[in-house]
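Please read the structure below before turning to the comments.
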Amino acid sequence: MVRIWMNRALLGLGWGALVTGIVGIVLYFGAFRQREIPVLLASGASYLMLGAIVGLLLFLLARGWRSAVAAGLVVAGVLWTQLPIFVADGRAAGNGPVVTVLQSNLLFGGADVTQVVRTVREDRVDLLTVEELTAEAVTRLDAAGIAELLPYRYVETASWGAGTGIYSRYPLRDTRKYDGFVMNNLGAVMEHPERGAVAVFAFHPMPPPLDFEAWNSEMRRIRDILDATTGPALVGADFNATRDHTAFRDLLRGGFASTAELVGAGPLPTYPTDKSWGPLIGIDHILISGGSAEEVRAMTVTGSDHRAVLARTRLNS
């Protein structure tokens, strides 16, 4: 009798866990992509999907074989959505030049920029994209020696979190601040001595909890910008979106790829780092078109609520 009741309890818990996993899959595929609450919940869709695996284990313990078969099908769907981030793409990197990119959100300009500059120096970073860049942070970056390492820049500073900057080892031209955004979103062309013109971008759409309609519109605007881009390109961004968001995966259609996925770096959580329970979600990304990636890692920056992301990319020749 005890065993019967235990099995029933396990089956009940298993179905609760399985339904949670199904909800995660539904959120991942964006069935409600135009609605705020489901999109916000999609930030943690991969965590919800773990429920399917828990459900399968509970069904097996309860010897609920038919339930286990149902859970197995759902787990297959979970693996189909999540395994690619753990497995290197296998795309040939080619024999073009290496360009190391660093992406960092400075939290209203208050992050430890000397740490950022030290990373630029030690890892021989060629391209730095920064968000939440204030005029005071630019002054501190200069004092830390950023101009000696990355002498070319295009910055649009602002108070609060609206400022954005691009720092480069190589000359920049055709700089542009894009219309249609609340915060500063920038583009330029980097003249690489071996590869020639390379489009570079620093994006920072509005956080969806602050203005969902703006985030939705700005992600579509970014997609249009990338769709219109030809030739090699590099993007450093705080997209305020994880790979579980349909709006982020839409950016990867066509020629662009996530460097983290190219190397199988896993979920690479970057936010929030100022909480004892963080970081939980990966909203900082480096994208590439016309090349591949050899290494991607995230690192903590003191004073910021985001981890920085570094990608060693190789452009096609």
Side-chain angles (χ1 to χ4, degrees), residues 43 46 84-86 88-89 93 98-107 111-113 115-133 137 141 146 149-150 161 164-169 185-186 190 198 200-205 207 219 222 226 233-245 248-249 251-252 256-275 278-289 291-315:
S43 299
S46 57
I85 68 175
F86 296 97
D89 179 85
V98 171
V99 178
T100 301
V101 184
L102 180 65
Q103 149 64 28
S104 184
N105 182 305
L106 301 181
L107 184 56
D112 183 357
V113 297
Q115 188 177 350
V116 174
V117 174
R118 183 166 62 249
T119 300
V120 169
R121 179 181 295 108
E122 293 176 352
D123 285 279
R124 294 191 57 79
V125 169
D126 302 295
L127 179 68
L128 168 67
T129 57
V130 288
E131 294 81 41
E132 304 197 13
L133 180 68
L141 281 163
I146 191 67
L149 304 167
L150 304 177
T164 306
I166 299 172
Y167 290 82
S168 172
R169 186 178 301 276
N185 286 250
L186 310 180
M190 179 180 70
V198 179
V200 294
F201 302 95
F203 290 126
H204 191 199
M219 289 295 284
I222 291 171
L226 297 185
L234 293 162
V235 180
D238 168 8
F239 282 119
N240 283 304
T242 74
R243 70 175 298 277
D244 288 332
H245 285 108
F248 173 74
R249 297 196 306 278
L251 303 180
L252 306 182
F256 282 87
S258 163
T259 55
E261 292 192 35
L262 288 174
V263 302
L268 212 66
T270 62
Y271 178 86
T273 59
D274 59 343
K275 310 294 183 184
L280 286 180
I281 57 177
I283 60 177
D284 296 83
H285 307 270
I286 295 173
L287 311 183
I288 187 170
S289 177
S292 191
E294 300 178 347
E295 175 192 3
V296 179
R297 69 179 191 269
M299 62 198 72
T300 300
V301 176
T302 304
S304 176
D305 56 347
H306 291 244
R307 299 178 80 194
V309 178
L310 183 141
R312 213 170 301 283
T313 71
R314 187 178 291 275
L315 301 175

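Note that the structure is predicted; figures quoted are calculated from it, not measured.
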Judged by atom type as modelled, is there a donor-acceptor pair below 3.5 Å linking the side chain of [X] to the main-chain atoms of [Y]?
X	Y	result
T313	V99	yes
R249	R243	yes
H306	I283	no

TODO: Name all pairs fulfilling the salt bridge (Lys or Arg N to Asp or Glu O under 4.0 Å) condition that reach into residues 297-309, sequence neighbours left out, sorted by first residue then second.
DONE: D123-R297, E295-R297
Any chance you could measure [X], atom [atom1], to [Y], atom [atom2], to the nearest 0.5 Å?
X	Y	atom1	atom2	value
R312	S292	CZ	OG	14.0 Å
F239	L251	CZ	CG	5.0 Å
S104	Y167	OG	OH	11.5 Å
H245	N240	NE2	CG	9.5 Å
D126	M190	CG	CE	7.0 Å
I85	T242	CD1	OG1	9.5 Å

Task: Polar side chain donor-acceptor pair, N105 to E131, under 3.5 angstrom - done: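 There is no such pair between these side chains.
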Do you know which two heavy atoms are closest between [X] and [Y], and how far apart they sit?
X	Y	answer
T259	A311	OG1-CB, 3.8 Å
L127	S168	CD1-CB, 4.3 Å
P279	Y271	CB-N, 3.4 Å
A260	L268	CB-CD2, 4.1 Å
G165	A202	O-CB, 4.1 Å

Check: [Y] and [X] side chains under 4.5 Å, non-hydrogen atoms:
X	Y	answer
L226	I222	yes
D244	S43	no
I286	V235	no
V130	T164	no
L280	P269	no
F256	I288	no
R169	V125	no
T129	L102	no

Task: salt bridge (Lys or Arg N to Asp or Glu O under 4.0 Å) partners for D284, two or more places apart - done: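 Checked D284 against salt bridge (Lys or Arg N to Asp or Glu O under 4.0 Å); zero matches.
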TODO: Apply the side chain to side chain contact (heavy atoms under 4.5 Å, CB included) test between R121 and each candidate in L150, I146, L149; give the one that qualifies.
DONE: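 Of L150, I146, L149, side chain to side chain contact (heavy atoms under 4.5 Å, CB included) with R121 is met by L149 alone.
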Task: From V116, T100, V101, residue fulfilling side chain to side chain contact (heavy atoms under 4.5 Å, CB included) relative to L128 - done: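 The single option meeting the side chain to side chain contact (heavy atoms under 4.5 Å, CB included) with L128 is V116.
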Task: Q115 vs T302, side chain to side chain donor-acceptor pair (under 3.5 Å): CA-CA, chis, key distance, verdict - done: CA-CA 8 Å; Q115 188 177 350; T302 304; 3.2 Å; yes
Task: Audit row: E294, V263, side chain to side chain contact (heavy atoms under 4.5 Å, CB included) steps and yes/no - done: CA-CA 6 Å; E294 300 178 347; V263 302; 5.8 Å; no
TODO: Please step through side chain to side chain contact (heavy atoms under 4.5 Å, CB included) for the pair F203 and L287, ending with a clear verdict.
DONE: CA-CA 11 Å; F203 290 126; L287 311 183; over 6 Å; no
